[in-house]
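Below, read A as the first sequence line, B as the second, and so on, with proteins coming before strands; counting in each chain starts at 1.
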There are 2 protein chains.
Amino acid sequence: MNLRIAIFDDNKNIRESISLLLRTVPNFQVVGTFSHVLDCVDDVKECNPDIILMDIEMPGMTGIEAVKVIKGQLPHVQILMQTVFEDDDRVFDSICAGASGYILKNHLNTKLIDAIKELQFGGSPMSPSIARKVLNKMQSVSSAIKPEEAPDYHLTPREKEVLSCLVNGLSYKMIAADLYISYETVRSHVKKIYEKLHVASLTEVVAKAINQRIV
Amino acid sequence: MNLRIAIFDDNKNIRESISLLLRTVPNFQVVGTFSHVLDCVDDVKECNPDIILMDIEMPGMTGIEAVKVIKGQLPHVQILMQTVFEDDDRVFDSICAGASGYILKNHLNTKLIDAIKELQFGGSPMSPSIARKVLNKMQSVSSAIKPEEAPDYHLTPREKEVLSCLVNGLSYKMIAADLYISYETVRSHVKKIYEKLHVASLTEVVAKAINQRIV
DNA sequence: GATAGTATCCCCACATTTGGTGATTGATTA
DNA sequence: TAATCAATCACCAAATGTGGGGATACTATC
């Protein structure tokens, strides 16, 4: 079974030399090379690659934007960024856009072949410095990854509904109208919420609800 | 210049075989092997390694907790997780604790040597499946990584102070007391904030302030 | 069949917030 | 020097939220 590869790079020499290199590998098949990504979705649909090598700097639209649109329409395609840039912004933007690997252009040849093979078998090849950046980033956003488990305040479903209305800025009246209950019922729920969250004002409720992701 | 390596693993055979393996590499120096991490900080201070190989499952304290305390006290040490576990929790916990690499135990020998060398030169070696997990995680928390740049509401410093008081649940009166200004002045600031944020209630202010990280 | 919990509703009195309009001072800037 | 803006303070009237009661109906669950 052949591995179908497409290449997006605005530099003709690079396209051709990568193409030549990959053709020497058994089972690798270069099914398309493109100098820009303006028609990338059509191009990709046309040549139907398993893996895409994507440069970043290209005329008209960047490779990062291309990753986003391609993954949006063809999520099964694996995309390997291959670029000279290693600034945080471009690295993380690429990854968030959906790239499955990121290698730098400085040391080509065998590394590239290994990277493609790694990608083929479910890995995510990254140049060493990129991998380090990624791990450091993970650590710096660890609060988003491992949210310290929010205490459970045992809010009832209805109370949670009311709470989320409050967080959306609705007044008691509006909540009453929204949930088809009376103003006084809203008050009852809010009182309960105050008790359960140990707070004494709407602002505290909202702050606590958002910060502890209760909503 | 030698590379000093310490090994934490509760399995004696593994400690010894890794130790033997690493001793065959020029410039590698195994400076300590330990069967548990209960005294890890002392152990590490004692043998002063550049790189630590850390298993996860050990008696008394897990390798992940050990990473946390070691990195807390000796942040310059590079720690390479080396384990059989590849569940998301342990992987991300290890990384968030401060590990600089994560490789699986199934394919030892040369891979391990390469990983240590990669770590030595500022990389973050990961087994392919681990790297994939990490990239996927990055994508799933992309909102935390690339917060869509909050619009600037041109709040004055004083207004920001008042705003953060509001977010902390203080009433107008309390804010007045806190900032040594009159109740009416607080009101003026709040009115301005309402205008600038285009909202009409405290709850909306608080929600917007927190969600858009204005505070 | 008693108990506990949820969801619904009501009243009173008081506190707080809100929407107006308007004013003074000092600093910065055009 | 005139204009702008931040920061301060004031008053009025109306709307909204808060704290304390209490009540009913329905579901579970023991």
Open item on the list: Can you build the contact string for nucleotides 20-30 of chain C? Use B for base contact, S for sugar-phosphate-only contact, and - for no protein heavy atom under 4.0 Å.
Closed with: BB---------
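Spacing between atom CD of B:E159 and atom P of D:dC5 amounts to 12 Å, rounded to whole angstrom units. Computed from coordinates, the A:K192 NZ to D:dT18 C1' distance equals 16 Å when rounded to whole Å. For the pair B:H189 NE2 and D:dC9 P, the computed distance is 8 Å after rounding to whole Å. Taking atom CG of residue B:L155 and atom C1' of nucleotide D:dA6, one finds them 13 Å apart after rounding to whole Å. Distance A:L166 CG to C:dT17 P: 16 Å, rounded to the nearest Å. Going from atom CD of A:E204 over to atom P of C:dT17 covers 11 Å, rounded to whole Å. Rounded to whole angstrom, the span from the OH atom of A:Y172 across to the P atom of C:dC11 amounts to 18 Å. Rounded to whole Å, atom P of C:dT6 lies 11 Å from atom CD of A:E195.
The nearest heavy atom of DNA chain D to A:K173 and to B:I181 marks one nucleotide each, and the one closer to the 5' end goes with B:I181.
A:T156 comes within 4.0 angstrom of the backbone, heavy atoms only, and of no base. Base engagement by A:Y183 is indicated by at least one non-hydrogen atom pair under 4.0 Å involving a base atom. Base engagement by B:T185 is indicated by at least one non-hydrogen atom pair under 4.0 Å involving a base atom.
Each of D:dT18, D:dA10, C:dT18 was ranked by its minimum atom distance to the side chain of A:L202; first place goes to D:dT18. Of the candidates C:dT8, C:dT17, D:dG19, the closest approach to any side-chain atom of A:R158 belongs to C:dT8. Here D:dT18 is the nucleotide among D:dT18, C:dT8, C:dT18 with the atom lying nearest to any side-chain atom of A:S201. Distances from the side chain of A:Y194 to the nucleotides C:dT17, C:dA7, D:dT18 place D:dT18 closest.
Salt bridge A:D93/A:R90: absent, no basic N to carboxylate O contact under 4.0 Å.
There is a side-chain donor-acceptor pair under 3.5 Å between B:S182 and B:T185. Under the 3.5 Å distance criterion, with hydrogens and angles disregarded, a donor-acceptor pair is assigned to the side chains of B:E86 and B:S129. Counted by atom type alone, A:E65 and A:T62 present one or more donor-acceptor pairs between their side chains at under 3.5 Å. Side-chain contact of B:Q212 with B:Y153: a donor-acceptor pair under 3.5 Å is present, judged by distance alone.
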TODO: Give the intermediate values and the outcome of salt bridge (charged side-chain N to carboxylate O under 4.0 Å, His left out) for residues A:K105 and A:D55.
DONE: CA-CA 9 Å; A:K105 261 182 177 165; A:D55 191 14; 3.4 Å; yes
TODO: Starting from the C-alpha separation in whole Å, work towards a yes-or-no answer on side-chain contact (heavy atoms from CB on, under 4.5 Å) for B:Y194 and B:L202.
DONE: CA-CA 8 Å; B:Y194 276 28; B:L202 274 188; 3.5 Å; yes
